[in-house]
Amino acid sequence: IDYDLIAGHDEQKAEEYCALPVDMEAAEQEIAMWAKEEQAEFGNIQLQFSNWNTPAVKDKVINKFLKNVQKQTSFCALGKNYAGPHIGIRDVFQQLEGSLIWQPEKSREKILVALNYILSDGRPPRQFSVPADPNAVPDLDLRYYIDQGVWVISTLYTYLAYTDDYSILDEICSYYDLHDDCWVTKSAVADSVLCHLMKIMDFLLSKLDSAGGTNCLRAMYGDWNDALDGLGKTEDEGKKYGSGVTVMATLQLYQKWLKF
């Protein structure tokens, strides 16, 4: 339900406005229209149990829950922000990997939007924001969270598997150049989605713990579990990150490398 809130200091006008009759029939019709649109958007995935429809497990209960999951996934995948002004690279690509199953066109559009905020060395920022002015420099979270790129590759692989739309790989997206590890400018380079994926993979492979002998992906600032940030920190003079590695992101990386 939408409410129109009018701010003012004229009490008489406010009372007159509040006294206006509410067209309940029009409101009910609008709500019914919203429900119909929602059914069309999220009613395209249904589960049916042929031999397991017991009083304890019913199709309609599971499908009601599934629709709510779809709504939440769609909101997080297509929203302009949901972490203050920011969109998390990992978060949005995780949601897009689900939403592309039933709304591939909208998900494709959001994938391309997000890929325009990759750094020119292939590192996705932890979070990005979409400025109102396309010429403005976006606000990016530039902390070295290492796992963002594996989710980008996973989502593109799933998109191709579901849609067979390989034209997305030819779409041109831009980059941002990083300066002094703390600020960015729009890069003069723009190339294909496929080139973006290759740069992301090259960046990840450049962060393997080859010196330590594990060949795992270094934790850097953090990994898939943000609570484990301390794995990558160090107090050693002259070193920015410690020798901590992440098994989770490493397994993801090698899985994506095999698919790549």
Side-chain angles (χ1 to χ4, degrees), residues 73-100 103-163 165-207 220-221 249 252-253 256 259-260:
T73 302
S74 179
F75 172 80
C76 293
L78 306 180
K80 293 182 179 180
N81 62 73
Y82 52 89
H86 294 102
I87 303 172
I89 287 284
R90 175 190 68 201
D91 302 330
V92 74
F93 275 94
Q94 284 178 338
Q95 304 297 335
L96 285 167
E97 191 167 12
S99 72
L100 64 85
Q103 46 189 13
E105 296 85 3
K106 293 180 180 179
S107 299
R108 183 187 198 273
E109 182 179 346
K110 189 59 174 287
I111 289 171
L112 295 177
V113 168
L115 285 177
N116 279 284
Y117 295 91
I118 303 298
L119 302 182
S120 53
D121 64 354
R123 176 169 71 92
R126 181 173 180 251
Q127 296 177 330
F128 69 98
S129 61
V130 181
D133 182 352
N135 296 317
V137 175
D139 184 18
L140 305 177
D141 182 344
L142 296 171
R143 287 176 289 176
Y144 269 79
Y145 278 75
I146 193 60
D147 70 309
Q148 315 300 319
V150 292
W151 298 106
V152 177
I153 297 171
S154 177
T155 300
L156 264 296
Y157 179 88
T158 304
Y159 177 84
L160 295 176
Y162 267 91
T163 67
D165 173 27
Y166 284 81
S167 68
I168 193 174
L169 299 177
D170 297 323
E171 295 282 356
I172 302 300
C173 296
S174 57
Y175 297 96
Y176 281 89
D177 295 328
L178 179 64
H179 306 279
D180 300 326
D181 273 349
C182 61
W183 59 283
V184 298
T185 56
K186 189 69 174 286
S187 175
V189 177
D191 54 26
S192 68
V193 168
L194 179 59
C195 289
H196 276 61
L197 294 177
M198 294 173 67
K199 284 190 176 184
I200 291 171
M201 180 61 78
D202 288 342
F203 173 80
L204 290 168
L205 292 175
S206 73
K207 302 305 177 186
M220 308 295 283
Y221 197 92
Q252 288 179 293
L253 172 62
K256 305 306 176 288
K259 291 179 178 180
F260 204 81

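Since the structure is predicted, the reported quantities are computational estimates derived from the model, not experimental observations.
- The side chain to side chain contact (heavy atoms under 4.5 Å, CB included) search around Gln103 returns Glu41, Ser74, Leu78, Ser99, Lys106, Ser107, not counting sequence neighbours.
- Residues satisfying the side-chain hydrogen bond (donor to acceptor under 3.5 Å, both in side chains) criterion with Ser206, sequence neighbours excluded, are absent altogether.
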Extract all donor-acceptor atom pairs below 3.5 Å that involve side chains of residues 133-142 and protein atoms in other chains or at least two apart in sequence.
unit_1	atom_1	unit_2	atom_2	d
Asp133	OD1	Asn135	N	2.9
Asp139	OD2	His86	NE2	3.0
Asp141	OD1	Arg143	N	3.2
Asp141	OD1	Arg143	NE	3.1
Asp141	OD2	Arg126	NH1	3.1
Asp141	OD2	Arg143	NH2	2.8

Apply side-chain contact (heavy atoms from CB on, under 4.5 Å) to the pair Leu169 and Leu160, showing each step before the final yes or no. CA-CA 9 Å; Leu169 299 177; Leu160 295 176; 4.2 Å; yes
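- Residues satisfying the side chain to side chain contact (heavy atoms under 4.5 Å, CB included) test with Asp170, not counting sequence neighbours, are none.
- Under the side-chain hydrogen bond (donor to acceptor under 3.5 Å, both in side chains) criterion, Thr185 pairs with His179, sequence neighbours left out.
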Can Asp177 and Val184 be said to form a side-chain contact (heavy atoms from CB on, under 4.5 Å), step by step? CA-CA 5 Å; Asp177 295 328; Val184 298; over 6 Å; no
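- Side-chain atoms of Ile146 and Tyr221, non-hydrogen and from C-beta on, never get closer than 4.5 Å to each other.
- The CD1 atom of Ile168 lies 11.5 Å from the OG atom of Ser192; values are rounded to the nearest 0.5 Å.
- The CG atom of Asp165 lies 9.0 Å from the CD atom of Glu105; values are rounded to the nearest 0.5 Å.
- Looking at Val130 and Tyr117, their side chains come closer than 4.5 Å, going by heavy atoms from C-beta outward.
- In this structure, the side chains of Leu156 and Phe93 come closer than 4.5 Å at one or more pairs of heavy atoms.
- Partners of Tyr175 by ring pair (Phe, Tyr, Trp, His ring centres under 6.0 Å), not counting sequence neighbours, listed by chain and number: His196.
- From Asp147, atom CG reaches atom CD1 of Ile89 across 11.0 Å, with rounding to the nearest 0.5 Å.
- For the pair Leu112 and Cys173, the minimum side-chain heavy-atom distance is below 4.5 Å.
- Side chains of Lys186 and Tyr176 form a contact here, defined as non-hydrogen atoms less than 4.5 Å apart.
- Listed by chain and number, the residues in a side chain to side chain contact (heavy atoms under 4.5 Å, CB included) with Asp121 are Leu119, Arg123, Phe203 (sequence neighbours excluded).
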For Lys199 and Ile118, what are the C-alpha separation, side-chain angles and deciding distance, and is it a side-chain contact (heavy atoms from CB on, under 4.5 Å)? CA-CA 10 Å; Lys199 284 190 176 184; Ile118 303 298; over 6 Å; no
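- Across every non-hydrogen atom of Ser154 and Lys256, the tightest pair is CB-CE, 3.0 Å.
- No side-chain heavy atom of Gln148 sits under 4.5 Å from any side-chain heavy atom of Pro125.
- Checked against side-chain hydrogen bond (donor to acceptor under 3.5 Å, both in side chains), Thr163 has no partners two or more places apart in sequence or in another chain.
- Of the inter-residue distances, the one linking Leu100 atom CG with Lys110 atom NZ reads 13.5 Å to the nearest 0.5 angstrom.
- Taking each heavy atom of Gln95 and Cys76 in turn, the nearest pair found is CG-CB, 3.5 Å.
- Partners of Glu171 by salt bridge (charged side-chain N to carboxylate O under 4.0 Å, His left out), not counting sequence neighbours, listed by chain and number: Arg108.
- Partners of Asp202 according to the side chain to side chain contact (heavy atoms under 4.5 Å, CB included) rule, which considers only residues two or more places apart in sequence or in another chain, do not exist here.
- For Thr158, the side-chain hydrogen bond (donor to acceptor under 3.5 Å, both in side chains) criterion is met by Glu97, not counting sequence neighbours.
- For Asp181, the salt bridge (charged side-chain N to carboxylate O under 4.0 Å, His left out) test picks out Lys240, with sequence neighbours left out.
- In this structure the side chain of Leu197 never reaches within 4.5 angstrom of the side chain of Met201, judged on heavy atoms.
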